[in-house]
Amino acid sequence: MKAVLFDLDGVITDTAVYHYEAWKALGTKIGIDIDEEFNEQLKGVSRTDSLNLILEKGNKQTAYTEAEKTAMATEKNDLYKTLIEKMSPADLLPGIKNLLDELKAKDTLIGLASASQNGPVILDKLQINDYFNEIVDPAKLKAGKPDPEIFVTGAQQLGVAVSECVGVEDAAAGVDSINAANMVSIGVGEAKNLGKATKVVPSTADLTAGLLEDVWSDTVG
Ligand code: BG6
Ligand code: MG
């Protein structure tokens, strides 16, 4: 295992709840209910694709112009940005700092494969940007998760083969993306959502360099 590619929201920090809260507020305004079950489909999915899924759910995919949709996505993002304003290193999920330290000590490369355009700001707030050798810019991708492009690009940026990487995700779309990239996938969360991952663990506290290496060598090595 030469590299680990991390998803951000829901893996490194619990911003998944802020994305949910911001979409829910927009949904309420336009009369579309977003519950936790539906929210699972939004995890890992880009801002534009998420809005389209929400409008589809409310049978409103043709109700708005492109300009109105852009304004709605901006409104959601503005609320999201106020929700993440006060984030600090205390918002790192359990075990993540330790995992990053373990990987650094082993000279394992670390990359960010997040669909979020707010990723670099959040790494700053968490004070962990120095750990990351590469960050994939989601704005430059042709296709979002579950397409493999983001994880394949991450491996390319790090200069390693996909077979030498492990990807870590909390979303079904993300696990599908890692698997489609032919990488070993670790899902953090419930097996009912992430059953296709090479290995599912219930919490980020279970993520150690040893576990990632064991899963990788049992699968590829
Ligand atoms: C993903 C989140 O990491 O980023 C999604 O899981 C979110 O919920 C996506 O929609 C895009 O994020 P942003 O910050 O660019 O709107
Ligand atoms: Mg996520």
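Source: prediction; values computed, not measured.
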Single-linkage hydrophobic cluster [X]~[Y], side-chain heavy atoms < 4.5 angstrom:
X	Y	answer
V188	V17	yes
L83	V11	yes
L5	I186	no
V45	F6	no
W23	Y18	no

For [X], all residues meeting side-chain contact (heavy atoms from CB on, under 4.5 Å), sequence neighbours excluded:
X	answer
A73	R47, L51
T65	A67, E68
A171	K43, E169

Of all the heavy-atom pairs spanning [X] and [Y], show the shortest one and how long it is.
X	Y	answer
N193	A172	O-CB, 3.5 Å
V4	V168	CG1-CG2, 3.9 Å
A209	L99	N-CD1, 3.4 Å
D35	Y20	C-OH, 3.3 Å
G167	F151	CA-CE2, 4.3 Å
L158	I110	CD2-O, 3.9 Å

Reported [atom1]-to-[atom2] distance for the pair [X] and [Y], which is rounded to 0.5 angstrom:
X	Y	atom1	atom2	answer
I32	N59	CD1	CG	8.5 Å
N52	Y64	CG	OH	12.5 Å
L207	L212	CG	CG	6.5 Å
Q157	E134	CD	CD	5.0 Å
N129	I122	CG	CD1	12.0 Å
L93	S203	CG	OG	8.0 Å

Contacts of [X] that satisfy side-chain hydrogen bond (donor to acceptor under 3.5 Å, both in side chains) - sequence neighbours left out:
X	value
N39	none
E149	none
Q127	none
T198	S185

Does T13 reach the side chain of L92, with side-chain heavy atoms less than 4.5 Å apart?
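Answer no - side chains too far apart.
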Kindly indicate whether the side chain of I12, heavy atoms from C-beta on, has any atom under 4.5 Å from the side chain of L112.
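Answer yes - side chains close enough.
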Selection [range] - residue pairs positive for side chain to side chain donor-acceptor pair (under 3.5 Å), sequence neighbours left out:
range	value
residues 208-221	none
residues 89-98	K97-Y131
residues 113-122	N77-N118

So, [X] side chain and [Y] main chain: donor-acceptor pair closer than 3.5 Å or not?
X	Y	value
K106	D101	no
S50	S46	yes
T204	P94	yes
K60	I30	yes
K125	M87	no
S177	D147	yes
N179	K196	yes

More than 12 heavy atoms of other groups within 6.0 Å of K199 NZ
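No, not enclosed.
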With a sphere of 6.0 Å drawn around NZ of K29, does it hold more than 12 non-hydrogen atoms of other residues, nucleotides or ligands?
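Not more than 12 within 6.0 Å, no.
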For E66 and K69: C-alpha separation, side-chain torsions, deciding distance, then whether salt bridge (charged side-chain N to carboxylate O under 4.0 Å, His left out) applies.
CA-CA 5 Å; E66 283 308 310; K69 289 209 273 181; 3.6 Å; yes
Quick one: name the residues clustered hydrophobically with L194, using the 4.5 Å side-chain heavy-atom rule over I, L, V, M, F, W, Y, and just say none if it's on its own.
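Joined to L194, directly or through intermediates: V175, V200.
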Could you check L26 against E75 for side chain to side chain contact (heavy atoms under 4.5 Å, CB included), going step by step and ending with a plain yes or no?
CA-CA 8 Å; L26 180 81; E75 186 179 327; 4.2 Å; yes
Would D7 and K145 count as a salt bridge (charged side-chain N to carboxylate O under 4.0 Å, His left out) here? Give the steps.
CA-CA 11 Å; D7 173 46; K145 299 171 188 178; 3.1 Å; yes
Can F38 and L53 be said to form a side chain to side chain contact (heavy atoms under 4.5 Å, CB included), step by step?
CA-CA 10 Å; F38 177 72; L53 286 172; 4.3 Å; yes
Pair L123-I135, side chain to side chain contact (heavy atoms under 4.5 Å, CB included): steps then yes or no
CA-CA 10 Å; L123 293 189; I135 295 174; 3.7 Å; yes
V215 vs V166, side chain to side chain contact (heavy atoms under 4.5 Å, CB included): CA-CA, chis, key distance, verdict:
CA-CA 9 Å; V215 177; V166 168; over 6 Å; no
Just jot down the ring pair (Phe, Tyr, Trp, His ring centres under 6.0 Å) partners of Y80, sequence neighbours excluded, or say none.
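By the ring pair (Phe, Tyr, Trp, His ring centres under 6.0 Å) rule, Y80 matches H19.
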